[in-house]
A.B. asks: 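One structure is given below, represented as structure tokens, and several questions about it will come after.
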Amino acid sequence: MTAEPSENRVPRSARGPAAGVVALVVLVASGALLYDVAAVRTGHRAGAWRVRIAHELATRHLDSGWVLAAAGVAAALGCWLLWLAVAPGNRRWLALMRPPGALIDRAGVAALLEARALELTMVADARARVNRDRARVTLFGSADLAGAEAALTAELERIALASPLRLRLRNRPAKHRPPMH
Amino acid sequence: MSRVTVNRVLLGLAGLVLLVGALLVLAGGLDLYRVWHLGQPSWWPLHSPHRPVLSEAARTRWRNRLWWWPVVIGGLTVVAALAFAWLLAQLRRSSPTELALETPQRPGLTLRLRRAALIQALEAGAGALPEVARARVRLAGRLPRLQVRAQLLLDPGADVPATVGELEAGPLAQARTVLGGSTELPLDLRLRVSGPPRTRARAPRHPHRPRVI
């Protein structure tokens with residue numbers, strides 16, 4: 001189970017909260033039905049909710065609006081649960097190269113890139129957005145783009161992500177006067 | 001099977017049940033079998049839009065059979081018990097409150113280390129590293145396969161590999177020494193970095209120029 005350091009990967013999400021909610025819903029539904037069936041078998045009256053549901057199911061036809069709407073909602077919910085079961089999750093994190101199991105969040109990589117960009121000359125402000133394969137940095141000011149690209153590439157290499165990000169740089173005029181170094 | 005696999009299989013099963021049921025109702029309700037000229041076998045459920053969803057006759061069809069109520073009650077009990085176990089698996093505390101340490105050089109001596117003490121030592125060690133603003137540590141699993149889950153908040157512009165290296169060489173190495181050689185103590189480390197301080201270098205709208213006399 002121990003991953004090689006070179007192929008450190010983001011683990012698949014455990015889907016704990018979603019699993020807990022689905023388990024709770026199933027438990028409540030089956031528990032209530034079990035209680036009511038047992039009550040009826042021991043000579044008590046059926047609960048009003050079950051009588052109501054059985055009546056609705058027996059009188060509403062398949063083309064009624066309520067039935068179709070409920071089926072639509074159930075289909076969407078089913079698709080979403082299937083997506084949760086299949087998709088890897090943990091999209092917030094990127095794997096670091098070196099110790100196995102070490103992750104850094106994408107906003108953290110963006111913060112490091114911004115901090116490095118703000119150290120450059122003629123950069124008044126910087127905004128970085130990082131998704132899972134690309135980092136987009138917007139520099140405000142009149143910085144030299146080639147130099148900035150070299151510096152930010154070096155910063156990404158210093159962070160040492162397991163799968164390197166592609167760097168996209170763009171320049172915008174400063175909203176205010178840049179500090180003169 | 002790990003909790004990840006169990007959760008994903010059961011979530012997929014629940015989604016599949018919902019989706020198939022909903023598609024059957026939609027296909028019957030919108031009369032898609034006739035519109036698309038699809039034939040279906042005679043036992044196919046929910047095939048006509050003018051049928052009720054669950055008629056009185058369908059609901060009570062097997063009521064008088066001897067096996068019906070035991071099957072219903074048994075099935076519901078099994079489903080409720082499995083759902084309860086699944087829910088508990090999400091809420092369970094992940095590691096025991098005390099860890100029994102091996103003392104191979106002194107037979108007869110058992111050392112017990114409180115989990116909270118180990119967590120506190122790891123958190124203090126990690127928080128004292130340079131460039132670490134906040135550290136939060138949890139332990140998961142049992143002793144031979146005990147796992148450290150650490151969340152660190154790093155200072156702006158921190159040197160990530162250096163900090164991770166110091167964490168491994170410092171607090172984690174100490175914890176491995178304390179727990180004995182047989183524990184590998186794998187690491188699940190999640191790093192966050194706070195943003196750079198933004199000095200408002202805005203030029204004043206009416207600059208006070210020094211008066212030149």
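Lettering follows sequence order; numbering is per chain, from 1.
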A.B. asks: How far does CG of A:L84 sit from CZ of A:R15, to the nearest 0.5 angstrom?
C.D. replies: 5.0 Å
A.B. asks: Is B:S2 in contact with chain A via its backbone, its side chain, both, or neither, using a 4.5 Å heavy-atom distance?
C.D. replies: neither
A.B. asks: Strictly by modelled atom types, are A:T138 and A:R172 linked by a side-chain donor-acceptor pair under 3.5 Å?
C.D. replies: no
A.B. asks: Is B:L16 in contact with chain A via its backbone, its side chain, both, or neither, using a 4.5 Å heavy-atom distance?
C.D. replies: both
A.B. asks: Answer with side chain, backbone, both or neither: which region of A:R41 has an atom nearer than 4.5 Å to a non-hydrogen atom of chain B?
C.D. replies: side chain
A.B. asks: Check whether any side-chain N or O of B:S55 sits under 3.5 Å from a backbone N or O of B:P52 as a donor-acceptor pair, and report yes or no.
C.D. replies: no
A.B. asks: Donor-acceptor pairs under 3.5 angstrom involving side-chain atoms of residues 56-80 of chain A: please list them, not counting sequence neighbours.
C.D. replies:
residue, atom, partner, partner atom, Å
A:E56, OE1, A:R60, NE, 2.9
A:E56, OE2, A:R52, NE, 3.4
A:T59, OG1, A:H55, O, 2.8
A:T59, OG1, A:E56, O, 3.4
A:H61, ND1, B:H50, O, 3.1
A:S64, OG, A:W66, N, 3.4
A:S64, OG, A:V67, N, 3.4

A.B. asks: Can you tell which part of A:P17 gets under 4.5 Å to a heavy atom of chain B, answering side chain, backbone, both or neither?
C.D. replies: neither
A.B. asks: Using every non-hydrogen atom in the two residues, find where B:P45 and B:L24 come nearest and quote the distance to one decimal.
C.D. replies: CG-CD1, 4.3 Å
A.B. asks: At a heavy-atom distance under 4.5 Å, which candidate from B:G157, B:A85, B:A150 has the highest pair count against chain A?
C.D. replies: B:G157
A.B. asks: Examine whether an atom of A:V37 lies under 4.5 Å from a heavy atom of chain B, and if so say whether it belongs to the side chain, the backbone or both; otherwise answer neither.
C.D. replies: side chain
A.B. asks: Is a donor on one side and an acceptor on the other found under 3.5 Å between the side chain of B:N7 and the backbone of A:A14?
C.D. replies: yes
A.B. asks: Considering only heavy atoms, which portion of B:V160 lies under 4.5 Å from any heavy atom of chain A: side chain, backbone, both, or neither?
C.D. replies: side chain
A.B. asks: For residues 122-133 of chain B, give me every residue with a non-hydrogen atom less than 4.5 Å from any non-hydrogen atom of chain A.
C.D. replies: none
A.B. asks: Examine distances only and state if a side-chain atom of A:N8 and a backbone atom of A:P100 form a donor-acceptor pair shorter than 3.5 Å.
C.D. replies: no
A.B. asks: Cut-off 3.5 Å, side chains only: do B:Q151 and B:R138 have a donor facing an acceptor?
C.D. replies: no
A.B. asks: Heavy-atom distance under 4.5 Å to chain A: side chain of B:S194, backbone, both or neither?
C.D. replies: backbone
A.B. asks: Can you pull the side-chain hydrogen bond (donor to acceptor under 3.5 Å, both in side chains) pairs that have at least one residue in residues 18-33 of chain B, sequence neighbours excluded?
C.D. replies: B:D31-B:R34, B:Y33-B:W44
A.B. asks: Are A:D36 and A:R50 close enough for a salt bridge, meaning some N to O gap below 4.0 Å?
C.D. replies: yes
A.B. asks: Test your reading of the model: is there a side-chain donor-acceptor pair from B:R176 to the backbone of B:L185, 3.5 Å cut-off?
C.D. replies: yes
A.B. asks: At a heavy-atom separation under 4.5 Å, does A:A117 approach chain B through its side chain, its backbone, both, or neither?
C.D. replies: neither
A.B. asks: Side chain, backbone, both or neither: which part of A:R106 has a heavy atom under 4.5 Å from chain B?
C.D. replies: neither
A.B. asks: With salt bridge (charged side-chain N to carboxylate O under 4.0 Å, His left out) as the rule and sequence neighbours excluded, what pairs involving residues 136-161 of chain A come up?
C.D. replies: A:E155-A:R158, A:R158-B:D159
A.B. asks: Among B:L153, B:L10, B:L46, B:L154, which residue has the highest count of heavy-atom pairs closer than 4.5 Å to chain A?
C.D. replies: B:L46
A.B. asks: So what's closer than 4.5 Å to chain B heavy atoms on A:V86: side chain, backbone, both or neither?
C.D. replies: backbone
A.B. asks: Which atoms of B:R59 are under 4.5 Å from chain A, going by heavy atoms: the side chain, the backbone, both sets, or neither?
C.D. replies: side chain
